[in-house]
Amino acid sequence: LAKDRGGNACHSFDPSLQRYREKRRELLRELHCALSNHEFVLHYQPQLNMTSGQIIGAEALIRWQHPQRGLLSPAEFLPVVTGSDLEIPLGRWVVREACRQCSEWYQAGQDLKVSINISAHHLMTPDFPEFLANELAIHPGLPSRNITLEVLESTALDDTRQAGNVIEACRAMGFEVALDDFGTGYSSLAYFRSLPIDLIKIDQSFVRNLLDNSNDRAIVESVVFLAKRFDRPVLAEGVETNAHARLLRDIGCELIQGYGLARPMAAAPFNLWLADWSEAPLQRQRAMLQG
Ligand code: C2E
Ligand code: MG
Ligand code: MG
Ligand code: MG
């Protein structure tokens, strides 16, 4: 409607919009420098199997260690990166660094799955499977099953068949694929049928109010039920309290990730946290599931 009224033409003279665009361009320039200056870091958030008490892996989450502004979360810079000429180079850096860390853990005797968030554009670059294979080959001995690709549910949407082909090619090499933020898309149920997926991650927006919203609880129960029927593991993200974890276990969702277990951490504190957990996994888990 704005278009009908000539709204688009007006926008280019809007001074606040112009300032906004200038700020974005400036931020993008800074982000390019940040990549060459090694200012990005990955933090790792553990994922727990509540049946075994084992930490099965960790999700790699990008942070920007800004020289003046401190540690910045993806919400503060990823929107500017997305769709820009930095999206693929930054996505590649994330994959490379996550594989390096995964290999370091593997060589130290920690058989952890590292989950990597892959943007839609990056997944759909024609050489993505080949790129992934090359990154793995840098680390001889590291099994491809230790790398999980997290694909946003919304990515799969644009071109489900094309996405399915890329995902299939990656899975054929042994990589695992998780469907991230499940339930937030327009036709979530269709992906159960059409996408070859190893793990479903229930979006935190459904998990957050699980205890007091019976609709959200019904949705989570249904996704868990459906995942079981399709023989696929399901993980709940955004598990903030012990009560959430308990309820999820009772619903039959055995994999969890969230502040209630641990916040995302840099590799060094992650290692300390993991050592502490591994000393007495069932005891740690029992403590978490209590009170
Ligand atoms: P996501 O992949 O769904 O990751 C989960 C987000 O929820 C993370 O936010 C995590 O810190 C946060 N979280 C975990 N547990 C809890 C909890 O109990 N409560 C609450 N309220 N939040 C929790 P983060 O790190 O800010 O990342 C936000 C999003 O940015 C991610 O959502 C992902 O879509 C994107 N992202 C992060 N790192 C990367 C990356 O390396 N590449 C790409 N393409 N996207 C990334
Ligand atoms: Mg994710
Ligand atoms: Mg998610
Ligand atoms: Mg998300």
Side-chain angles (χ1 to χ4, degrees), residues 31 34-35 39-48 57-65 70-84 86-102 113-125 128 132 135 147-156 176-185 188 197-211 220 223 234-245 247-248 253 255-267 269-270 273 288:
L31 283 160
L35 184 57
E39 289 171 9
F40 291 105
V41 284
L42 294 182
H43 281 195
Y44 297 90
Q45 187 176 37
Q47 301 171 326
L48 171 70
E59 178 174 6
L61 295 157
I62 196 167
R63 304 286 182 262
W64 180 8
Q65 186 64 63
L71 195 68
L72 302 183
S73 68
E76 298 182 73
F77 58 89
L78 273 192
V80 173
V81 172
T82 305
S84 79
L86 191 59
E87 182 170 352
I88 306 302
L90 189 60
R92 289 192 167 142
W93 178 83
V94 170
V95 171
R96 175 158 300 174
E97 176 56 17
C99 287
R100 190 202 59 72
Q101 183 61 65
C102 187
K113 284 184 191 292
V114 172
S115 289
I116 311 175
N117 292 283
I118 308 292
S119 77
H121 284 119
H122 194 196
L123 185 78
M124 297 307 220
T125 49
F128 183 78
L132 205 57
E135 290 305 313
I147 300 294
T148 301
L149 310 171
E150 291 199 5
V151 178
L152 278 177
E153 197 195 29
S154 52
T155 303
E176 299 207 338
V177 177
L179 201 53
D180 204 357
D181 297 1
F182 184 82
T184 57
S188 303
I197 290 293
D198 299 288
L199 175 75
I200 285 147
K201 297 189 78 175
I202 306 179
D203 189 63
Q204 45 185 286
S205 61
F206 301 108
V207 176
R208 191 174 305 132
N209 303 316
L210 195 58
L211 299 169
V220 171
V223 173
V234 57
L235 179 148
E237 49 181 19
V239 178
E240 293 194 345
T241 69
N242 297 353
H244 285 84
L247 180 52
L248 284 159
C253 178
L255 308 178
I256 59 162
Q257 177 185 345
Y259 296 168
L261 178 65
R263 292 196 170 240
M265 298 165 271
F270 179 94
W273 184 92
M288 196 198 67

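The figures here come from the full heavy-atom set of this structure, side chains too, leaving out hydrogens, waters and symmetry mates. For ligands, and for the atoms within them, numbers begin at 1 and follow the listed sequence.
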Closest to [atom] among [options] (heavy-atom distance):
{"atom": "atom 19 (N) of ligand 1", "options": "E97, R208, E240", "answer": "E240"}
{"atom": "atom 34 (O) of ligand 1", "options": "L90, D203, N117, I116", "answer": "N117"}
{"atom": "atom 7 (O) of ligand 1", "options": "Q204, E150, H122", "answer": "Q204"}

**OP:** Answer yes or no as to whether an N/O/S atom of E150 is found below 2.8 Å from the Mg ion (ligand 3).
**Re:** no
Original post:
Counting backbone and side chain alike, does E237 bring an N/O/S atom below 2.8 Å of the Mg ion (ligand 3)?
Top reply: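 Here the distance criterion (N, O or S atom, under 2.8 Å) is met by E237, so yes.
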Proximity flag [X] to ligand 1, non-hydrogen atoms under 4.0 Å:
{"X": "A75", "value": "no"}
{"X": "K201", "value": "no"}
{"X": "G91", "value": "no"}

Original post:
So, are E240 and R208 salt-bridged, with charged N and O less than 4.0 Å apart?
Top reply: no
Pull out every atom of ligand 1 sitting under 4.0 Å from any heavy atom of [X], numbered as shown with elements.
{"X": "P74", "answer": "24 (P), 25 (O), 26 (O), 27 (O), 28 (C), 30 (O), 37 (C)"}
{"X": "V94", "answer": "41 (O)"}
{"X": "G258", "answer": "15 (N), 18 (O)"}
{"X": "R63", "answer": "11 (O), 24 (P), 25 (O)"}
{"X": "Q45", "answer": "14 (C), 15 (N)"}
{"X": "P264", "answer": "11 (O)"}
{"X": "V239", "answer": "18 (O)"}

Could you tell me which non-hydrogen atom of [X] sits nearest to which non-hydrogen atom of [Y], and how far apart they are?
{"X": "V239", "Y": "A245", "answer": "CG1-N, 3.8 Å"}
{"X": "W273", "Y": "L261", "answer": "CZ2-O, 3.8 Å"}
{"X": "G238", "Y": "V207", "answer": "O-CG1, 3.7 Å"}
{"X": "D198", "Y": "E176", "answer": "OD2-CA, 3.3 Å"}
{"X": "L71", "Y": "R63", "answer": "CD1-CB, 3.7 Å"}
{"X": "L31", "Y": "V80", "answer": "CD1-CG1, 4.2 Å"}

**OP:** State whether the side chain of E87 and the backbone N or O of G83 hold a donor-acceptor pair below 3.5 Å, judged by distance alone.
**Re:**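 Indeed, once roles are kept as given, a pair shorter than 3.5 Å links the two residues.
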Original post:
Is there a donor-acceptor pair closer than 3.5 Å between any side-chain N or O of N242 and the backbone N or O of M288?
Top reply: yes
Subject >> Under 3.5 Å: N/O of Y259 near N/O of ligand 1 >> reply: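 Between Y259 and ligand 1 (N or O atoms, distance only) the closest approach is under 3.5 Å.
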**OP:** Consider every N or O of I62 and every N or O of ligand 1, then say whether any pair is closer than 3.5 Å.
**Re:** yes
Under 4.0 Å, heavy-atom basis, I'd like to know which part of [X] is in contact with ligand 1: side chain, backbone, both or neither.
{"X": "H43", "result": "neither"}
{"X": "L42", "result": "neither"}
{"X": "L78", "result": "side chain"}
{"X": "E59", "result": "side chain"}

Original post:
Within less than 2.8 Å of the Mg ion (ligand 2), any N, O or S from E59?
Top reply: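 Yes, E59 qualifies, because one of its backbone or side-chain N, O or S atoms lies under 2.8 Å.
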**OP:** Could you tell me whether the Mg ion (ligand 2) has an N, O or S atom of S115 under 2.8 Å away?
**Re:** no
Original post:
How far does CD1 of I197 sit from CZ of F182, to the nearest 0.5 angstrom?
Top reply: 10.0 Å
Original post:
Parallel, tilted or perpendicular for F77 and W64, by the 30°/60° rule?
Top reply: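 The rings of F77 and W64 stand perpendicular, inter-plane angle above 60°.
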Original post:
Do L179 and L199 come close enough that some side-chain heavy atom pair is under 4.5 Å?
Top reply: no
**OP:** Check whether any side-chain heavy atom of M265 lies under 4.5 Å from a side-chain heavy atom of Y44, and answer yes or no.
**Re:** no
**OP:** Kindly give the atom name of the N, O or S atom of D181 closest to the Mg ion (ligand 3).
**Re:**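 That would be atom OD1.
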Subject >> Steps toward side chain to side chain donor-acceptor pair (under 3.5 Å) verdict (T241, H244) >> reply: CA-CA 5 Å; T241 69; H244 285 84; 2.5 Å; yes
**OP:** For the Mg ion (ligand 2), find the closest N/O/S atom on D180 and give its atom name.
**Re:** OD2
Subject >> Residue of the set Q204, E237, E59 for which side chain to side chain donor-acceptor pair (under 3.5 Å) holds with Q257 >> reply: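 Going through Q204, E237, E59 one by one, the side chain to side chain donor-acceptor pair (under 3.5 Å) with Q257 is satisfied by E59 alone.
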